[in-house]
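Heads up: the structure comes next, in structure tokens.
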Protein chains: 2
Amino acid sequence: MSQDAPEPIARTSLIETLRKKLQEDILSGRYPAGTSLPPERELAARYGVTRTSLKHALIELRSFGLIAIRHGIGSIVEDVAARAGADALQYMAQREGGWDLRLFVDLLEARALIGGLFGRVAASRRTEADVESLREALGGARRTSRDPHGLQVAENLFMRRVTETTHVRTFVFLSNSISAVYARTLDAFGGAFEDGDWVTGSLEEIFDEIRDGSSAGAESAMERYLTESGKRMIAALEEQSP
Amino acid sequence: MSQDAPEPIARTSLIETLRKKLQEDILSGRYPAGTSLPPERELAARYGVTRTSLKHALIELRSFGLIAIRHGIGSIVEDVAARAGADALQYMAQREGGWDLRLFVDLLEARALIGGLFGRVAASRRTEADVESLREALGGARRTSRDPHGLQVAENLFMRRVTETTHVRTFVFLSNSISAVYARTLDAFGGAFEDGDWVTGSLEEIFDEIRDGSSAGAESAMERYLTESGKRMIAALEEQSP
DNA sequence: ACTGGCTCAGTGGATGAGCCACTATAGCAG
DNA sequence: CTGCTATAGTGGCTCATCCACTGAGCCAGT
């Protein structure tokens, strides 16, 4: 198997940087919920960019539910807890360059609980085709079980297949939002995939339960694996950034 | 009680319209996943807008995971199923002005299943403060049980409180993404809240289970209510748009 | 005193021309 | 065959302007 692309160097565009900065200022309470942001012209001057660029960043913030932009009025800061959607997680979990460990732990717990639910539903609805698709993904994991990075990719695929087996499209989107938080920093979690036998063994167990249509079994197998896997991811993270 | 504001007239900005149009063209397969969008200059000319405006729309699409923009290369269409996050749901469920009923049914099913999970976790982790907060929200629903619109708002608040009772912040964000799909069109679902006694009765049942710490009870009460409520929402929708 | 219309200042919406920066490719020099 | 360079195509970003919407205050008519 060919080596995967070596993760293109992260370039930070101005807009990207600007959005992060604004977001940080909002999340840190500098611009409290319910208040107006300074006018675009002033904000642009303050951050030293054009109004056009600033606007790009504002529109992106709006799409995450962090602000509401109203013609003739201004940009109003929304209550994050009340409005921000799941896609905002990927930006909230990485603040100021580092990880927000508390939120990340929270996220992984949610992943484990929801994964359990997915396993349960998947077991009760799997078709022949689903089982085959899962078997194939499992095979991929087995073949690459000694390469942490490859295994990580294979595990992700397997989990995606489990989610698809629920036949609930909304679950796939929810799952994407969660994966997106750590997907772009896969390398940071290599340490969680060094014990290849444990990973493949766990996936096999999950596969067996789903194949057998055992809802309760699949639920607990998923939840157990994801919980332990989450712990290892956290550990890997703490090793890197002391 | 005073009459609520009569829903401000929805204004559609150019960027909003443009984003919808592009999105529709992507989702409908006109620009298949993996291929490049036409160059910005050409796209702008084709849609009859400035490149600046087009860019605003593209950036928004990027934030939903529908495209990837690469300097010097172009905008590549992402595989929606693989990348689009939960916030994309609100736009996918309302295509071409009407509702995508299939996706909406799917969404409501997911809501019921996840709601069950939330109920279970909430029951196992509720604190005194949570119970009080839930009781207060329940009281609000009781007081407005004869006004469908008011009841709907109160029910939303109650469900939010249940989610908060899980003490898993990620759940709140996931929940926001789901609510966002129908939150902006609350009026369309008034029909689902006409039987005030049934709604408040159901909420009371959920409250009791959570208060008593009965995980299994809370899970099934939530799932039952949300399933039935979802059916009524669909019915209300079908009445309106034959 | 109240109503309705008008004006004005402040704010976001949108434009279009222009230049910079990045990427891939083809052709040339060694 | 290798490695450099020129070039064309694409997105990144700026700038200067004008349009459209909102809210507040003023003023004339009733």
Side-chain angles (χ1 to χ4, degrees), chain A residues 5-23 25-26 31-78 83, chain B residues 5-23 25-26 31-78 83:
Chain A
E7 296 284 327
I9 298 174
R11 285 198 172 62
T12 47
S13 69
L14 173 66
I15 296 175
E16 192 86 355
T17 311
L18 189 55
R19 196 215 61 222
K20 279 183 188 162
K21 183 79 183 138
L22 278 165
Q23 183 179 291
D25 286 345
I26 290 174
Y31 303 122
T35 65
S36 283
L37 249 47
E40 296 188 350
R41 290 166 178 82
E42 188 189 327
L43 260 186
R46 190 182 295 184
Y47 287 99
V49 299
T50 331
R51 205 181 137 210
T52 310
S53 299
L54 179 86
K55 203 157 187 51
H56 284 310
L58 288 182
I59 286 181
E60 209 167 355
L61 289 181
R62 179 182 64 182
S63 69
F64 293 129
L66 260 53
I67 63 173
I69 307 177
R70 297 178 54 190
H71 193 174
I73 307 279
S75 298
I76 287 89
V77 179
E78 297 268 15
R83 303 295 298 263
Chain B
E7 294 286 327
I9 299 173
R11 284 192 174 64
T12 47
S13 71
L14 173 66
I15 296 175
E16 191 86 355
T17 311
L18 188 55
R19 197 213 61 223
K20 280 183 187 163
K21 183 81 184 133
L22 279 165
Q23 184 177 289
D25 286 344
I26 290 174
Y31 302 122
T35 65
S36 283
L37 249 47
E40 295 187 351
R41 289 166 179 81
E42 188 188 327
L43 259 187
R46 191 182 296 184
Y47 287 98
V49 299
T50 339
R51 203 179 141 213
T52 312
S53 300
L54 179 87
K55 205 157 186 51
H56 283 311
L58 288 182
I59 285 182
E60 210 166 355
L61 289 181
R62 180 181 64 180
S63 68
F64 293 129
L66 259 54
I67 63 173
I69 308 176
R70 297 178 56 189
H71 194 176
I73 308 279
S75 299
I76 286 89
V77 179
E78 297 268 15
R83 304 296 297 265

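Treat the numbers as computed from the prediction; the structure is a model and nothing was measured. Because only heavy atoms are used, hydrogens play no part in the values below, and waters and symmetry mates are left out as well, while side chains stay in. In what follows, chains are A, B, ... by sequence order, proteins preceding strands, each numbered from 1.
- Between A:Arg70 atom CZ and C:dT11 atom C1' there is a gap of 12 Å when expressed in whole angstrom units.
- Between B:Leu54 atom CG and D:dG11 atom P the separation is 9 Å, expressed in whole Å.
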Item to check | Steps toward side chain to side chain contact (heavy atoms under 4.5 Å, CB included) verdict (B:Leu54, B:Leu22) | outcome: CA-CA 10 Å; B:Leu54 179 87; B:Leu22 279 165; 4.1 Å; yes
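- Looking only at side-chain heavy atoms (C-beta outward), B:Gln23 and B:Glu60 stay at 4.5 Å or farther from each other.
- Judged by distance alone, the side chain of A:Ser13 and the main-chain N or O of A:Glu16 form a donor-acceptor pair under 3.5 Å.
- The nucleotide whose nearest atom lies closest to any side-chain atom of B:Leu14 is, among C:dG12, C:dT15, D:dC13, C:dT15.
- Taking atom CG of residue B:Leu37 and atom P of nucleotide D:dG9, one finds them 19 Å apart after rounding to whole Å.
- Between B:Leu37 and B:Leu43, the closest side-chain pair of non-hydrogen atoms falls below 4.5 Å.
- Distance, B:Leu43 CG to D:dT10 C1': 12 Å, rounded to whole Å.
- Checking A:Gly72 against A:Gly48, the closest nucleotide of DNA chain D that is more toward the 5' end is the one next to A:Gly48.
- Residue-to-nucleotide contacts include a donor-acceptor pair under 3.5 Å from the side chain of B:Arg41 to the base of D:dG11.
- Counting any heavy atom pair closer than 4.0 Å across all strands shown, B:Ser13 reaches sugar-phosphate atoms only and no base atom.
- Here the nucleotide nearest the side chain of A:His71, chosen from C:dG12, C:dT15, D:dT14, is C:dG12.
- Of the candidates C:dG12, D:dG23, C:dA24, the closest approach to any side-chain atom of A:Ile73 belongs to D:dG23.
- We find that CD1 of B:Ile67 is positioned 15 Å from P of D:dT10, with the value rounded to whole Å.
- Minimum interatomic distance between B:His56 and A:Thr52 (heavy atoms only, all atoms of both residues): CE1-O, 4.0 Å.
- Distance from the side chain of B:Val49 is smallest to C:dT15 among C:dG13, C:dT15, D:dT14.
- Where pairing requires Watson-Crick or G-U contacts shorter than 3.5 Å, the helical stems of DNA chain D with at least three consecutive pairs are C:1-30 with D:1-30.
- B:Lys55 has its NZ atom 7 Å from the P atom of D:dG11, to the nearest Å.
- B:Arg19 has its CZ atom 14 Å from the P atom of C:dG13, to the nearest Å.
- Side-chain to base pairing of B:Arg51 with D:dG12: one donor and one acceptor N or O lie within less than 3.5 Å of each other.
- No more than 12 heavy atoms of other residues, nucleotides or ligands shown are found within 6.0 angstrom of CZ on A:Arg70.
- One atom, CD of A:Glu42, and another, P of C:dG12, lie 10 Å apart when rounded to the nearest Å.
- When all heavy atoms are compared, the tightest approach of B:Leu58 to B:Ile67 is O-CD1, 3.5 Å.
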